[in-house]
Number of protein chains: 2
Amino acid sequence: MGRKRLQESVDGRPTVHTVAARAGVSIASASRVLNGVGGSPETIRKVRAAAAEVGYVPNAIARSLQSQRTGLVALAVEDIGNPVYVEMMRAIEAVVASSGRQLLVHATGGRIDNETALLRRLANRYVDGMIVSPIRVTDDHLTALVDSPVPVVVVGQLGADAAVDNVRTDSRHGVALAVDHLVATGRHRIGFVNGPLDTVPGTARDAGFRAALTHHGIPLDEDLIEVGDFQYAAGREATQRLLARTDPDALVCANDLIAVGALHALLAAGRRVPQDVAVVGMDDTELARMMFPQLSSVSLGSAERGRRAAELLLQRIADPSLPPRREQVPPSLAIRASSGTTLPAPRPADPPTNHPSSEGVTS
Amino acid sequence: MGRKRLQESVDGRPTVHTVAARAGVSIASASRVLNGVGGSPETIRKVRAAAAEVGYVPNAIARSLQSQRTGLVALAVEDIGNPVYVEMMRAIEAVVASSGRQLLVHATGGRIDNETALLRRLANRYVDGMIVSPIRVTDDHLTALVDSPVPVVVVGQLGADAAVDNVRTDSRHGVALAVDHLVATGRHRIGFVNGPLDTVPGTARDAGFRAALTHHGIPLDEDLIEVGDFQYAAGREATQRLLARTDPDALVCANDLIAVGALHALLAAGRRVPQDVAVVGMDDTELARMMFPQLSSVSLGSAERGRRAAELLLQRIADPSLPPRREQVPPSLAIRASSGTTLPAPRPADPPTNHPSSEGVTS
DNA sequence: CAGACTCCCGGAAACGTTTACAGCTATCGG
DNA sequence: CCGATAGCTGTAAACGTTTCCGGGAGTCTG
């Protein structure tokens, strides 16, 4: 009496057929018992026993095909080494877990094709929904987003007309907060270390910086603007280049990783922070508090944005017919040691520092 | 002539039936064209057109059920805020991508049930394979690992007899490297800030530290040992507690996050690093290089371990019948500014520092 | 011009699960 | 004691895809 081959899956693992046969019941009964719905005591006993004996574990793919859901939600971010995304992820995770789902994260590494590929793959039913936070957005990208088979929520700026749920912040205003603060504490030669200009946050922050200077009537000095990547090493190098050609008394950095790089470059160059140069980062991540001196940083509400995005996503999964919504989280500034000191001006006792540029310090 | 309801999926999206009907061909032909295998020029044209018109996008779940693969690989780590896992992830990602698969990361948050739940869910065919790096291992856990339906590779220590592919390092030896270095540079009151003792790395590093002291004939002072979490804030607080009761001239920290916390606590307490207290971290992450002073750190070869784990996984996916393998990556020490200075002893010109504990410095 | 060969096509089975439906037995109320 | 009802059970369809297989048309060779 040979083994019935058909009862087990192609790779030899037991299926519901296997346990049904072993328990001497139909697959329907087996399935019912395994799902804890219905079944006579005797049937339950037999099926449970059979399942345990063969080590049955259900095939989630098959189940999903039938049930049209996977219990998974994905988050796609550019660089998971950036603590801002970690914070966002934690907030999302908390919400998602409360719906009994699990969160998976994918780091796209900024490769745009990677991100679209991910959308095409994951979004095709592997997950119940997806949150993506792209830093570069192409048209191709956008269409991939809007006609995704599963709900998608975008964290970050998006064209005004895009029919996608969207949670954003006003990073231009965020930069303005930093500049306001630095100006208020007597800084005049304010530098800006930005990320790539072909990214959405990069352009927004650049525009914000220029607007803020204009608003304060400070003439723009292109020497004070430097661009690198949104990363530590790039921030350090960009700051070195900037220091090589000019002499700022403050630096606004487009994110905390850059700010840490800047801090490092400044200290290595013998500048004191904040006495000689004040530093303000953006994103207000844990990293800012881990530095010494602790970094002032503009919070863009990453955790809050994550939380809201997750809620939007869950709502849309529950009811896909909802109209596209847009939410906005305001930025705020956390002032810490790296910019805490007020420069000479407000403290007449102190002589001006020996910056060649300090001639403007009068009042 | 009413719409044939059966042709589209239950949620209204087009299926291969939809495009086949629209193109006037069989679903077999439609599928072939969509997969780029076979089909006459005319059929190809019709199917492509139909697919485009209805906006067809294949259901990956259904495809996976048939093909028994998903093209996805998962990595489960405890805390993705820890840069060591980011490094590991990057290394894994590179390997995995070369096989045309995509990597998904799940942060278990150290909740053991979460990790087993993930295994039970993901491993049930949602992914082609999985790499997990557990810090707490229970028996339940272990059985979940060994009879996972998909290949699993474990990064980290595991019982000697576990029949699972495993990539590990020798973190006891790693701690010894740190202690050796500190002793060689004249440190005598070496403290140790560890993570929880109910974790695998926690116990290993504790054992390593005690063994290393014994090896150097240094009597053990329990006051010099403090335990917290493997995180920044916990490391800072643990160090504060330690400083409140004793006065070390060096600190070994069980990972870089703790080391950064320790650094912060030391600086805040007015200790100079490395002049008063040398600090050595573990994992040698980018974070160590981001600090000022830069942190010495014991590399446990995280990237290398990740790379190897990914390779093992791919091999096992290709051939599940392979015997369980185990690989080991040796630790090494990166010496940087935070422990770079040699204490008084080897430099007779310098007077001993005013530590109450420096009476032992004679030669 | 006949046979072999190639190519393309459609029907149908398969992947492993859940579930609608109908039939059966046993119990209960009248 | 009979009909209705409740509870289990098994058969079969469905989820959306890929692929085996057999048949038909066309092309090439001898």
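Proteins come first, then strands; the chains are lettered A, B, ... in the order of their sequence lines, and each starts at number 1. Note that the structure is a prediction, hence the values are computed from the model and not measured.
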Examine distances only and state if a side-chain atom of B:Thr169 and a backbone atom of B:Val329 form a donor-acceptor pair shorter than 3.5 Å.
yes
On DNA chain C, check which nucleotide each of B:Ile44 and A:Pro58 is closest to and give me the residue with the more 5' one.
B:Ile44
With a 4.0 Å cutoff (strictly under), does any side-chain N or O of A:Gln68 reach OP1 or OP2 of D:dG16?
yes
How long is the line joining CZ of B:Arg45 and C1' of C:dC8, in whole Å?
16 Å
Verify whether one side chain among B:Arg101 and B:Ser99 offers a donor that lies under 3.5 Å from an acceptor in the other.
yes
Is A:Thr70 close to A:Arg125 at the side-chain level, that is, under 4.5 Å between some pair of heavy atoms?
no
Kindly say if B:Ser31 contacts the phosphate of D:dT18, meaning a side-chain N or O under 4.0 Å from OP1 or OP2.
yes
Would you mind telling me which of C:dT17, D:dG16, D:dT18 lies closest to the side-chain atoms of B:Leu65?
D:dG16
Length of the line joining A:Leu34:CG and C:dT18:P, which is rounded to integer Å
8 Å
Does some side-chain heavy atom of B:Asp165 sit less than 4.5 Å from a side-chain heavy atom of B:Leu313?
no
Rounded to the nearest angstrom, tell me the gap between atom NE2 in A:His17 and atom P in C:dT18.
11 Å
Let me know the distance between CZ of A:Arg63 and P of D:dG16, rounded to the nearest Å.
18 Å
Could you give the CZ-to-C1' distance, from A:Arg69 to C:dT18, as a whole number of Å?
14 Å
Once you round it to whole Å, what is the distance between P of D:dG16 and CZ of A:Arg125?
8 Å
Which residues share a salt bridge (charged side-chain N to carboxylate O under 4.0 Å, His left out) with A:Arg90, sequence neighbours left out:
B:Asp79
Please produce a list of atom pairs where a protein N or O lies less than 3.5 Å from an N or O of nucleotides 4-12 of chain D.
from	atom 1	to	atom 2	distance (Å)
D:dT9	OP1	A:Ser40	OG	2.8
D:dT9	OP1	A:Thr43	OG1	2.1
D:dT9	OP2	A:Ser40	N	3.1
D:dT9	OP2	A:Thr43	OG1	3.3
D:dG10	OP2	A:Ser26	N	2.9
D:dG10	OP2	A:Ser26	OG	3.1
D:dG10	OP2	A:Ser29	OG	2.8
D:dG10	N7	A:Arg32	NH2	2.9
D:dG10	O6	A:Arg32	NH1	3.1

Please check this pair: side chain of B:Ser302 against backbone of B:Met88, looking for a donor-acceptor N/O pair closer than 3.5 Å.
no
B:Arg308 and B:Glu311 ion-paired at < 4.0 Å:
no
A:Asn35 has an atom CG; how far is it from atom P of C:dG16, in whole Å?
17 Å
Once you round it to whole Å, what is the distance between P of C:dT17 and CZ of A:Arg13?
11 Å
It should be established whether A:Asn59 places a side-chain nitrogen or oxygen under 4.0 Å from OP1 or OP2 of nucleotide C:dC15.
no
